[in-house]
Amino acid sequence: MDDTVTSNLPGTRDLLPGEIDRWQLVEDRARRIFSQYGFLEIRTPIIEPTELFARGIGEDTDIVGKEMYTFVDQSNRSITLRPEATASVVRAYIQNTMYRGGGLTKLYYIGPMFRHEKKQKGRWRQFYQIGAEALGSDHPAVDAEMIEMALWLLESLGVKAKLLINSVGCSNCRPPYLERLRSELEQRLPGMCEDCRRRAATNTLRVFDCKVESCQPFIDRLPSITDNLCAECGNHFAGVRRHLEQAGISYEIVPRLVRGLDYYVRTAFEIVSGELGSQNAVAGGGRYNGLSEVLGGPPVQALGFAMGLDRLVMILPEEQRADFKWRPDVFLAYMGEPAFEKAGEIARELRHRGYSCYIDFSEGRLKGQMRLANKLNAEHVLIIGEDELSRGKYTIKRLADSRQWEVTIPELQDYLATLNRSI
RNA sequence: GUGAGCGUAGCUCAGUUGGCAGAGCUCUGGAUUGUGGCUCCAGCGGCCGGGGGUUCAAGUCCCCUCGCUCACCCCA
């Protein structure tokens, strides 16, 4: 059972027809809701120069440090399979001078991302995200609207989730805060875990992510960024909260929720679900006013979020999962070669008129074809035998109530038209 | 990278102190010559993940290995 040719790579998977309807439901809903908020789709390449992610995500992050799928191509360039899409979207925004008209640019994307991590519940090496980016404004209402949109998508799908928010300051208030944090950490560090000591040096804010029990008392007593915001950041955060409240959205402020990089500023948020096990984040996002400049573009105030489709599908309530099954409007059953040809002709005509038809090619007997029609949940079976062929009238049978009657093809079309099929 | 649990039919899983590899579902055929579902009958389907060892005898015990799953780190 371990043939390397007939096995997928670890952390990847096939999404089979039996479950794909749930994905389509989620994707369709997301597209509809995002477009209601004025977001337009963008599709960027799945591969990018490694440097884009190294700079756009940050050298100190786990993603860049150990999780990227990176290879050297035939032209000796270092290429990386995208571990997330924000850097690509900002790159495309700069490259295509989408900032030219001024104002707010709203974009969304759907697609696979890649991170070389060990598989866990809700964690894959190839996973899928739907995300949105709003570029060109620092207005707190933009933050609130984006959060509202993400929550509404989940709510409309019947998914229960909780919003966690924070503000991580900006280039004015963060450096003095970090200095204070480091000096307080210095005294406590000897009692803390190895990871904390490492993080204190490389990416200080990250010590707040620590989950080691013995570190918690230390962390709880550290000054929080939330209490050390400058006036502008404090006002911005208050604005976001006010707009959330006006939208009737409840939230929890989590001072420990941080995004560690310099160009991540102000709003940071996460949407979590209790049903996901250890990886409980369904969506995460934040503001990144400095990213465009880091990538060589103009200053652009922006924020975005990404939602994990795999995780969303996983926690989709059962009742959201059915309803979508494909079924043929007409299953064409035939007996004999001339009837087989006639079946093909009728099916072609019906399909061109927008109906879904199915023909069994096994050349089995009528019984077997009826059985297949039933298994496919066909709404009708059109029986084409020698009688029908010679008279030009066919037997149509409605499987739900077993009623059957004779029709000509024009009569069949009239009948089907009365059923109000959605095409 | 570290730790734990699990690998038996296409799927979900039984398999006792080591003693002829099983069930349900699916699939195929029949009961029913050109009529599905429900029922009944029959059938197909296995390197028990792989390799080595112990034993008269291993799905079962031991060692190695591969795979999967969950957890740690971190994140979607």
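These numbers were taken from a predicted model, which means no experiment stands behind them.
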- Kindly confirm whether the side-chain ring of A:Y128 is stacked on the base of B:A76, judged by centres under 5.5 Å and planes under 30°. no

- Message: Among B:A76, B:C75, B:U69, which nucleotide has an atom closest to any side-chain atom of A:K119?
- Response: B:U69

- Kindly point out which of B:C73, B:U35, B:A71 is positioned nearest to the side chain of A:K118? B:A71

- Nucleotide opposite B:C48 in a Watson-Crick or G-U pair, distances under 3.5 Å: none

- For A:H116 and B:A76, give me the distance from atom NE2 to atom C1', rounded to whole Å. 18 Å

- Ranking B:U35, B:A76, B:U2 by distance to the side chain of A:T395, first place goes to B:U35

- Centres of the A:Y128 and A:W23 rings: under 6.0 Å? yes

- Task: Applying salt bridge (charged side-chain N to carboxylate O under 4.0 Å, His left out), run through A:K397 and A:E406 and close with a yes or a no.
- Result: CA-CA 9 Å; A:K397 179 167 185 173; A:E406 294 200 326; over 6 Å; no

- Short N-O contact, A:D360 and A:R365, less than 4.0 angstrom: no

- Could you check whether A:G122 gets within reach of a base, just the sugar-phosphate, or nothing at all, counting any heavy atom under 4.0 Å? base

- Using atom P of each nucleotide, how far apart are B:C20 and B:U12 to the nearest Å? 26 Å

- In whole Å, what is the span from the CD1 atom of A:I315 to the C1' atom of B:A76? 11 Å

- Message: Say we look at B:C13 and B:U8: how far apart would their C1' atoms be, to the nearest angstrom?
- Response: 9 Å

- Item | Atom P, compared across B:U65 and B:G3: separation rounded to whole Å | 12 Å

- Atom pair distance, as rounded to whole Å: CD in A:E84 and C1' in B:A76: 11 Å

- Task: Give one of base, sugar-phosphate or nothing for A:K367, where a contact means two heavy atoms less than 4.0 Å apart.
- Result: base

- Please tell me which of the listed nucleotides, B:U69, B:A76, B:C72, lies nearest to the side chain of A:Q120? B:C72

- Message: Any donor-acceptor pair under 3.5 Å linking the side-chain atoms of A:S137 with those of A:Q301?
- Response: no

- Query: Does any nucleotide pair with B:U28 by Watson-Crick or G-U wobble geometry, both distances under 3.5 Å, and what is it?
  - Reply: B:A42

- So does A:R351 pair up with A:E349, basic N to acidic O under 4.0 Å? no

- Message: Taking only the C1' atom of each, what is the distance from B:G10 to B:G46 in whole angstrom?
- Response: 12 Å

- Message: Taking any heavy-atom pair under 4.0 Å as a contact, classify A:I63: base, sugar-phosphate, or nothing.
- Response: nothing

- Which part of the nucleic acid does A:A281 contact within heavy-atom distance under 4.0 Å: base, sugar-phosphate only, or nothing? sugar-phosphate

- Item | SB check A:K342 A:E345 (cutoff 4.0 Å) | yes

- Contact nearer the 5' end of RNA chain B, comparing A:L309 with A:I384: A:I384

- Taking only the side-chain heavy atoms of A:K397 (C-beta and beyond), determine which of B:U35, B:C73, B:G34 contains the nearest atom. B:U35

- Message: For the C1' atoms, the ones on B:G15 and on B:A31, what distance do you get once it is rounded to whole angstrom?
- Response: 34 Å

- Message: Work out how far the C1' atom of B:U26 is from that of B:C11, and round it to whole angstrom.
- Response: 7 Å

- Residues A:D138, A:R287: salt bridge by 4.0 Å N-O rule: yes

- N/O donor-acceptor pair, side chain A:R311 with base B:C75, under 3.5 angstrom: yes

- Query: Should B:A71 form a Watson-Crick or G-U wobble pair with both distances under 3.5 Å, which nucleotide is its partner?
  - Reply: B:U2

- Task: Grab the OH-P distance between A:Y334 and B:G34 for me, whole Å please.
- Result: 14 Å

- Task: Taking atom C1' in both B:G45 and B:A23, compute the distance separating them and give it to the nearest angstrom.
- Result: 14 Å

- d(CZ, A:R123; P, B:A76) in whole Å: 10 Å

- Query: Which value, in whole Å, describes the distance between the C1' atoms of nucleotides B:C44 and B:C25?
  - Reply: 15 Å

- Task: Would you classify A:V381 as touching base, sugar-phosphate or nothing, given that sugar-phosphate means primed atoms plus P, OP1 and OP2, and contacts are heavy atoms under 4.0 Å?
- Result: nothing

- Query: For RNA chain B, whose closest nucleotide is more 5', that of A:K121 or that of A:A306?
  - Reply: A:K121

- Message: Could you tell me how far apart A:N280 (CG) and B:C70 (C1') are, to the nearest whole angstrom?
- Response: 16 Å

- A:M370 has a side chain; which of B:C75, B:U35, B:C70 sits nearest to it? B:U35

- Message: Under 4.0 Å, counting only non-hydrogen atoms across every strand here, what does A:E388 touch: a base, just sugar-phosphate, or nothing?
- Response: base

- Message: Mind checking if A:Q369 touches a base, just sugar-phosphate, or nothing, with heavy atoms under 4.0 Å?
- Response: nothing

- Task: Report yes if a donor N or O on one partner sits less than 3.5 Å from an acceptor N or O on the other, where the partners are the side chain of A:E270 and the base of B:A76; otherwise report no.
- Result: no

- Minimum-distance nucleotide to A:W124 side chain [options: B:A76, B:G34, B:A71]: B:A76

- Integer-rounded Å distance: B:A76 P and A:L257 CG: 10 Å

- Note on the structure: From CG of A:N374 across to P of B:C27 the rounded distance in Å is 11 Å

- Heavy atoms under 4.0 Å, any strand shown: does A:R115 hit a base, just sugar-phosphate, or nothing? base

- So which nucleotide from B:U69, B:G34, B:A76 ends up closest to the side chain of A:D387? B:G34

- Task: Verify whether one side chain among A:Q369 and A:Y334 offers a donor that lies under 3.5 Å from an acceptor in the other.
- Result: no

- Item | Out of B:C68, B:A76, B:U35, whichever nucleotide has its closest atom nearest the side chain of A:F127 | B:A76

- Item | Identity of whatever pairs with B:U33 - Watson-Crick or G-U, under 3.5 angstrom | none

- Query: Does a side-chain N or O from A:R125 land closer than 4.0 Å to OP1 or OP2 of B:C75, or not?
  - Reply: no

- With a 4.0 Å cut-off on heavy atoms, is A:D310 in touch with a base, just the backbone sugar-phosphate, or nothing at all? nothing

- Which nucleotide sits closest to the side chain of A:L366: B:C73, B:A71, B:U35? B:U35

- Write down the partner of B:C20 under the Watson-Crick or G-U wobble criteria, each distance required to be under 3.5 Å. none

- Query: Would you say a side-chain N or O of A:K375 is under 4.0 Å from OP1 or OP2 of B:C27?
  - Reply: yes

- Query: Roughly how far, to the nearest 0.5 Å, is the CZ atom of A:R55 from the CZ atom of A:F53?
  - Reply: 13.0 Å

- Item | ring-ring contact (aromatic ring centres under 6.0 Å, His included) evaluation trace for A:F34 with A:Y108 | CA-CA 7 Å; A:F34 286 13; A:Y108 79 87; 5.6 Å; yes

